[in-house]
Amino acid sequence: MNNNFKMPVILIGNSFKYEVEATLKLFFHENRFSFSDNINDAQGDNYVIASVKNNRKISADIMLNGRSSSLSGNLGTGADKDYTEHELCRLIYRILKELTGIRPPWGLMTGIRPVKKFVELMKQGMSKEQIYDKLSQKYEISPKKLNIGYITAVNQLPILDGINRNAASLYVSIPFCPTRCSYCSFVSHSMNSAIKLIPDYVMALCRELEITAKIVKETNTKIDTIYFGGGTPTSITANDLKIIMECVYKNFNLDEIREYSVEAGRPDTITEEKLRVIKELGAKRISVNPQTLNDDVLRVIGRKHTGEDAIKAFELARKIGFNNINTDLIAGLPAESTKSFKNTLDRITELEPESITVHTLTLKRAATLFENGSENNDNPASEMVDYSIDKLISSGYLPYYMYRQKNTIDNLENIGYAKKGFESCYNIFIMDETQTILGAGCAASTKLVYPDGKISRIHNYKFPYEYIKQFDKLMEKKKETIECLKKISFLTQK
């Protein structure tokens, strides 16, 4: 099937579009789907029919490249919506395993936060064996993924237990990059096209930070962690970075900040001057993100630096005094072999960063690389991920946070590893959705987390010109933030 084909999916007696599509995506990363409730749309060599009759009988009929298969089942009495949806998706999953030969390592578990399932069961007092049994029966997860999910949850739980739920974290967005990498789908903007917007953007961002700081003081909210992301924050000049970080320094109480991170990011943007600005204005944790040390692969993905440039940037950060450095790598990049990935990981491990994050290539529709998606069908990403798990754990790095994305090669995951005591609290909080995140800047989101688990989101404009032009209108949304923070403070202190 080509990227433009939309597979007909006919839902009879149900409206389980989201979860059915998520299940199909486990097998068809690059495909789109057209949903209807008309059985006459089931035509051609590829279609799916998912039926629920009288809330008791479920069936799935699938035609794939001219081959058909069907399964059905009885739910019995009293089956609720969630159970019905899950069991219907299980039928689809089992048929597609048979027709495609694909065995998704996470089984039919969808969603981006698999570790939450483990944490929830641990908090219920279940043993390791009970957790493995329950999750393998419900989701058909492979033993390898059960193991890495459980270990991650074990390392994460003490940090989750220590959360100050009356506090909030601050996310600062600098949505610019030197160039756009072929795998990237983030709303970031190349310096060539956006450079004229930067002075106004810096001014607007500082205004929003001042407004946010005022709200924090009015609602007696403590800032727990700060994270500068993007884009690549170090794409802008040292002076512009200094202006923004000075604004944070002057307007927020940094005395009790548990963690302050800046994604220094791409090695071709890192300079001694920028690193000194970051260090002098309070950030103690940075990321240097080579993605790979293979120069041929770097050229393919559109990077303008070499592997050696990444090593030098890391060493420069050490020289200046950073003792909490993360490095990001990507398994499954185009033109990357298992051998060259292993060489990269081995060399990075020799540098002894405090944390290493291993992402798996994801084919996002907004990324240039998506157009060549079929070329990744024989991608050795799973071999790379397996090697990284063994290598990093044996080298003293423990997995502490994890997330999954749609369209990831081989249905794999992204894992953050850290030496003991160097886990990023911000990464855990945003993945587990257990603490309020106040977003500032273009494309940033504010995530307000209530004590009862309810979550309210406020989204900033995606593009710098919108953010600048509609700034006053955007700031009207801060009224909701004020009211929510007051309620969170009141409910937490009761």
Indicate yes or no: at least one non-hydrogen side-chain atom of [X] is less than 4.5 angstrom from one of [Y].
{"X": "Val119", "Y": "Leu160", "value": "yes"}
{"X": "Tyr387", "Y": "Leu345", "value": "yes"}
{"X": "Pro334", "Y": "Ile301", "value": "yes"}
{"X": "Tyr400", "Y": "Asn427", "value": "yes"}

Ion pair present between [X] and [Y], side-chain N to carboxylate O less than 4.0 angstrom?
{"X": "Asp472", "Y": "Arg207", "result": "yes"}
{"X": "Asp432", "Y": "Lys116", "result": "no"}
{"X": "Asp296", "Y": "Arg299", "result": "yes"}
{"X": "Arg113", "Y": "Glu433", "result": "yes"}
{"X": "Glu308", "Y": "Arg347", "result": "yes"}
{"X": "Glu413", "Y": "Lys144", "result": "no"}
{"X": "Arg276", "Y": "Glu272", "result": "yes"}
{"X": "Lys304", "Y": "Asp268", "result": "no"}

Please answer whether the main-chain N or O of [Y] pairs with a side-chain N or O of [X] as donor and acceptor at a distance below 3.5 Å.
{"X": "Asn411", "Y": "Leu26", "value": "yes"}
{"X": "Thr232", "Y": "Ser235", "value": "no"}
{"X": "Asp240", "Y": "Val202", "value": "no"}
{"X": "Gln435", "Y": "Phe429", "value": "no"}
{"X": "Lys274", "Y": "Ile236", "value": "yes"}

Next item on the list: For side-chain hydrogen bond (donor to acceptor under 3.5 Å, both in side chains), just list the numbers for Gln405 and Asn414, CA-CA rounded to whole Å, side-chain angles, deciding distance to a tenth of an Å, and then say yes or no.
Entry: CA-CA 8 Å; Gln405 295 169 280; Asn414 308 301; 3.1 Å; yes
Between [Y] and [X], is there a side-chain donor-acceptor contact under 3.5 Å, judged purely by atom types and distance?
{"X": "Thr110", "Y": "Glu19", "value": "yes"}
{"X": "Asp200", "Y": "Tyr465", "value": "no"}
{"X": "Thr408", "Y": "Thr362", "value": "yes"}
{"X": "Thr357", "Y": "Asn326", "value": "yes"}
{"X": "Thr221", "Y": "Thr219", "value": "yes"}
{"X": "Ser340", "Y": "Glu336", "value": "yes"}
{"X": "Glu259", "Y": "Tyr227", "value": "no"}
{"X": "Thr349", "Y": "Asp346", "value": "no"}
{"X": "Asn155", "Y": "Glu423", "value": "no"}

Value rounded to 0.5 Å, distance of [atom1] in [X] from [atom2] in [Y]:
{"X": "Ile430", "Y": "Cys425", "atom1": "CD1", "atom2": "SG", "result": "13.5 Å"}
{"X": "Ser173", "Y": "Leu205", "atom1": "OG", "atom2": "CG", "result": "7.5 Å"}
{"X": "Asn379", "Y": "Leu412", "atom1": "CG", "atom2": "CG", "result": "9.5 Å"}
{"X": "Thr360", "Y": "Ile409", "atom1": "OG1", "atom2": "CD1", "result": "9.0 Å"}
{"X": "Ser355", "Y": "Tyr397", "atom1": "OG", "atom2": "OH", "result": "8.0 Å"}
{"X": "His459", "Y": "Leu474", "atom1": "NE2", "atom2": "CG", "result": "12.0 Å"}

Give a yes or no on whether [X] atom [atom1] has more than 12 heavy-atom contacts from other residues, nucleotides or ligands under 6.0 Å away.
{"X": "Met475", "atom1": "CE", "value": "yes"}
{"X": "Lys312", "atom1": "NZ", "value": "no"}
{"X": "Lys339", "atom1": "NZ", "value": "no"}
{"X": "Lys284", "atom1": "NZ", "value": "no"}
{"X": "Lys391", "atom1": "NZ", "value": "yes"}

Check: Once the angle between the rings of Tyr426 and Tyr171 is folded into 0 to 90°, is it parallel (under 30°), tilted (30 to 60°) or perpendicular (over 60°)?
Finding: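 Correct class here is parallel.
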Item checked: Ring centroid separation Tyr201 to Tyr467 under 6.0 Å ->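 Yes, they do, as the ring centres are separated by less than 6.0 Å.
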Notebook entry, point to check: Can you list the steps and then say if Arg285 with Phe422 is a side chain to side chain contact (heavy atoms under 4.5 Å, CB included)?
Noted result: CA-CA 9 Å; Arg285 181 181 184 273; Phe422 288 96; over 6 Å; no
For residues 211-218, dump all side-chain donor-acceptor pairs below 3.5 Å to protein atoms at least two apart in sequence or in another chain.
residue: Thr212; atom: OG1; partner: Glu208; partner atom: O; Å: 2.8

To check you understand the geometry: which heavy-atom pair defines the closest contact between [X] and [Y], and what is its length?
{"X": "Pro267", "Y": "Asn289", "answer": "CD-O, 3.8 Å"}
{"X": "Ile148", "Y": "Pro399", "answer": "CD1-CG, 3.8 Å"}
{"X": "Phe463", "Y": "Cys442", "answer": "C-SG, 3.5 Å"}

Next item on the list: Let me see the working for Asp309 and Thr306 under side-chain hydrogen bond (donor to acceptor under 3.5 Å, both in side chains), right down to the final yes or no.
Entry: CA-CA 5 Å; Asp309 291 335; Thr306 64; 3.2 Å; yes
Margin query: Run the salt bridge (charged side-chain N to carboxylate O under 4.0 Å, His left out) test against Glu315 and tell me which residues pass, sequence neighbours left out.
Written below: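 Partners of Glu315 under the salt bridge (charged side-chain N to carboxylate O under 4.0 Å, His left out) test: none.
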Next item on the list: Report the residues that fulfil salt bridge (charged side-chain N to carboxylate O under 4.0 Å, His left out) with Glu383, sequence neighbours left out, ordered by chain and then residue number.
Entry: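 Glu383 satisfies salt bridge (charged side-chain N to carboxylate O under 4.0 Å, His left out) with no other residue.
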Next item on the list: Would you verify whether the NZ or CZ of Lys6 falls within 45 degrees of the ring axis of Phe33 while also being under 6.0 Å from that six-membered ring's centre?
Entry: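 Lys6 over Phe33 ring: no.
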Note to self: Show, in sequence, the C-alpha distance, side-chain angles and deciding distance for Lys242 and Glu280, and conclude whether the salt bridge (charged side-chain N to carboxylate O under 4.0 Å, His left out) test is met.
What the structure shows: CA-CA 10 Å; Lys242 183 178 181 181; Glu280 289 167 5; over 6 Å; no
Next item on the list: Begin from the C-alpha positions of Thr436 and Leu438 and carry the test side chain to side chain contact (heavy atoms under 4.5 Å, CB included) through to its verdict.
Entry: CA-CA 7 Å; Thr436 290; Leu438 303 176; 3.9 Å; yes
Notebook entry, point to check: side chain to side chain contact (heavy atoms under 4.5 Å, CB included) between Thr225 and Tyr260: does it pass, once the steps are laid out?
Noted result: CA-CA 6 Å; Thr225 75; Tyr260 191 165; over 6 Å; no
Notebook entry, point to check: Should Val358 and Ile415 be marked as a side chain to side chain contact (heavy atoms under 4.5 Å, CB included) after you check the CA-CA gap, both sets of side-chain angles, and the distance that decides it?
Noted result: CA-CA 5 Å; Val358 179; Ile415 305 178; 5.5 Å; no
